[in-house]
Each structure stands twice: as structure tokens, then as C-alpha cells.
Amino acid sequence: MTIAKSIVSLFSSMTMLTACLWITGMILFCVEFFQPMRGIAYLLGGGLIVGAFVTRMIYGSAGEAFIFVLLTSVLLFAVHVVALITQKRDWLAAARLEKAGERRRRYGKLIDSVGIAITPIDLTGNVTINDINLVVYSDSPIMQGESVRITKITSDKIIVERVTAEK
């Protein structure tokens, strides 16, 4: 049997469940690759692709499963090639660097400024400093309404810490 006939056989005998799992998994994988979301879409997409492979194994032959894995691998490789050709990740990195420079210019004068946490800060949260609402980061949890001080502005974060009462 030729590869073309194997691919035709693969898709002609594929169940709707397998097709939906596979297509959704591929879409989630591609979304994560081009617009990173901390690996969540990779995990979901990979899980759905594995689920599609398992259902393919239940309802098909070993040869069809091999063609299924081969086709999936080729498509995922093609996504990587497209990203390399378009250098999409470099565009994102350049945009982040430009945005970081803008953040330093705009908010650099706020270092050591004191404000109020308007949401609880558990890694991230919102504060108001000099009537400016900012999304900030903190290594330690800070409760809503507590005083905070901007300690550092990095390329991607405005970092705050809780202001402690001096005695």
C-alpha cells in the first residue's frame, strides 16, 4: 500500500471524535507556538493530539496509527518551519524590547514612589501610584489596601514590595 492510499484510508475511516480531537489539538498547539500563553495551549493541544492518537488506535490499524503520527509530526514540523521563515518569534522579542524601553522611560521616575494596592497582589496585581493605575509584580503576597513601593522596573515588569511601618 502506498503512502497516498494510507492517508486516504486514514481519513476515510477516522471517526468524528478523532478528527475533532486532532484538529483542536493542532490549532491549540499552533496558537501557543505563535502567541505564547505559558505552555497552557501546548499541554491542552498535546493532550488532545494524544487523545486523537488513542482513539485512532482503538478504531484503526497499527499502520494507520503510524501514518497518523507521521502526518502529525510533519504538520508540527511545518509550523516550526513557517515560524523560522517568518521569524515570528523575533518580531515578538523586538516588540517586547521596544515596549520595555518605553516602560522604563515612562515609569522610571516612579521608582521609590509609594501607592496603594487596589487588588490583592499574588505575583501580579494592580496598584495606584500618583493617580496612575499599574499592573505590578511582587515576590510576596500583598493584601488589597496595603501600601506598596516601586523597587525596580525590569524589561517586562514593574516590581513592588510592601511598605513596612518603621518604628
Side-chain angles (χ1 to χ4, degrees), residues 16-56 68-69 71-167:
M16 192 58 129
L17 173 65
T18 303
C20 288
L21 288 173
W22 185 64
I23 290 169
T24 306
M26 293 295 288
I27 289 170
L28 285 172
F29 187 89
C30 292
V31 164
E32 175 72 35
F33 193 80
F34 288 102
Q35 189 59 47
M37 297 185 296
R38 299 185 182 200
I40 295 169
Y42 271 144
L43 292 175
L44 290 174
L48 291 174
I49 291 170
V50 168
F53 175 72
V54 168
T55 60
R56 187 69 218 144
F68 183 76
V69 169
L71 180 64
T72 301
S73 300
V74 167
L75 288 174
L76 292 177
F77 179 74
V79 169
H80 284 78
V81 169
V82 167
L84 287 174
I85 290 171
T86 62
Q87 298 179 356
K88 178 69 174 172
R89 289 187 178 258
D90 287 342
W91 293 347
L92 290 172
R96 285 186 191 126
L97 287 174
E98 182 178 319
K99 189 173 182 181
E102 178 184 331
R103 182 179 291 117
R104 282 195 184 113
R105 284 188 301 276
R106 180 180 290 171
Y107 301 116
K109 63 183 179 278
L110 293 177
I111 291 179
D112 288 331
S113 296
V114 176
I116 302 294
I118 57 176
T119 65
I121 302 172
D122 187 16
L123 290 180
T124 65
N126 295 341
V127 301
T128 299
I129 296 177
N130 298 340
D131 294 327
I132 301 171
N133 292 327
L134 301 169
V135 176
V136 297
Y137 297 84
S138 176
D139 291 333
S140 60
I142 299 172
M143 302 300 294
Q144 181 177 355
E146 288 190 281
S147 294
V148 296
R149 174 181 287 120
I150 295 179
T151 57
K152 185 177 179 183
I153 298 177
T154 67
S155 62
D156 60 343
K157 297 176 186 169
I158 298 172
I159 301 171
V160 298
E161 66 181 19
R162 179 183 297 117
V163 175
T164 55
E166 296 179 17
K167 295 180 182 180

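Index from 1, following the sequence. None of the values given here were measured: they were computed from a predicted structure.
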- So how far is it from Ser147 OG to Ile116 CD1, rounded to the nearest 0.5 Å? 4.0 Å
- Indicate the atoms forming the closest heavy-atom contact of Glu32 with Ala41, along with that distance. OE1-N, 3.3 Å
Hey, can you pull the donor-acceptor pairs under 3.5 Å for the side chains in residues 21-30, sequence neighbours left out?
| from | atom 1 | to | atom 2 | distance (Å) |
| --- | --- | --- | --- | --- |
| Trp22 | NE1 | Thr72 | OG1 | 2.8 |
| Thr24 | OG1 | Cys20 | O | 2.8 |

- Task: Could you tell me whether the side chain of Leu110 reaches within less than 4.5 Å of the side chain of Leu134, counting heavy atoms only?
- Result: yes
- To the nearest 0.5 Å, atom CG of Asn126 lies from atom CG of Asn133 at 7.0 Å
- side-chain contact (heavy atoms from CB on, under 4.5 Å) between Ile150 and Val136, worked out: CA-CA 9 Å; Ile150 295 179; Val136 297; 5.5 Å; no
- Task: Could you pull out all residues at least two apart from Phe53 that satisfy ring pair (Phe, Tyr, Trp, His ring centres under 6.0 Å)?
- Result: none
- Item | Distance in Å, Ser138 OG paired with Lys157 NZ, rounded so as to fall on 0.5 Å steps | 11.0 Å
- Message: Quick one: does any side-chain atom of Arg56 pair with a main-chain N or O of Ala19 as donor and acceptor, under 3.5 Å?
- Response: no
- Query: Considering all heavy atoms of both residues, which atom of Val127 and which atom of Val148 are nearest to each other, and what is their separation?
  - Reply: CG1-CG2, 3.6 Å
- Message: Measuring from atom CG of Leu43 to atom CG of Leu48, what distance do you get when rounded to the nearest 0.5 angstrom?
- Response: 11.0 Å
- Rounded to the nearest 0.5 angstrom, the CG-CD1 distance for Leu44 and Ile49 is 11.0 Å
- Rounded to the nearest 0.5 Å, what's the gap from CG on Asp139 to CD1 on Ile121? Could you check? 11.5 Å
- Query: Which residue pairs pass the side-chain hydrogen bond (donor to acceptor under 3.5 Å, both in side chains) test with at least one member in residues 111-124, sequence neighbours excluded?
  - Reply: none
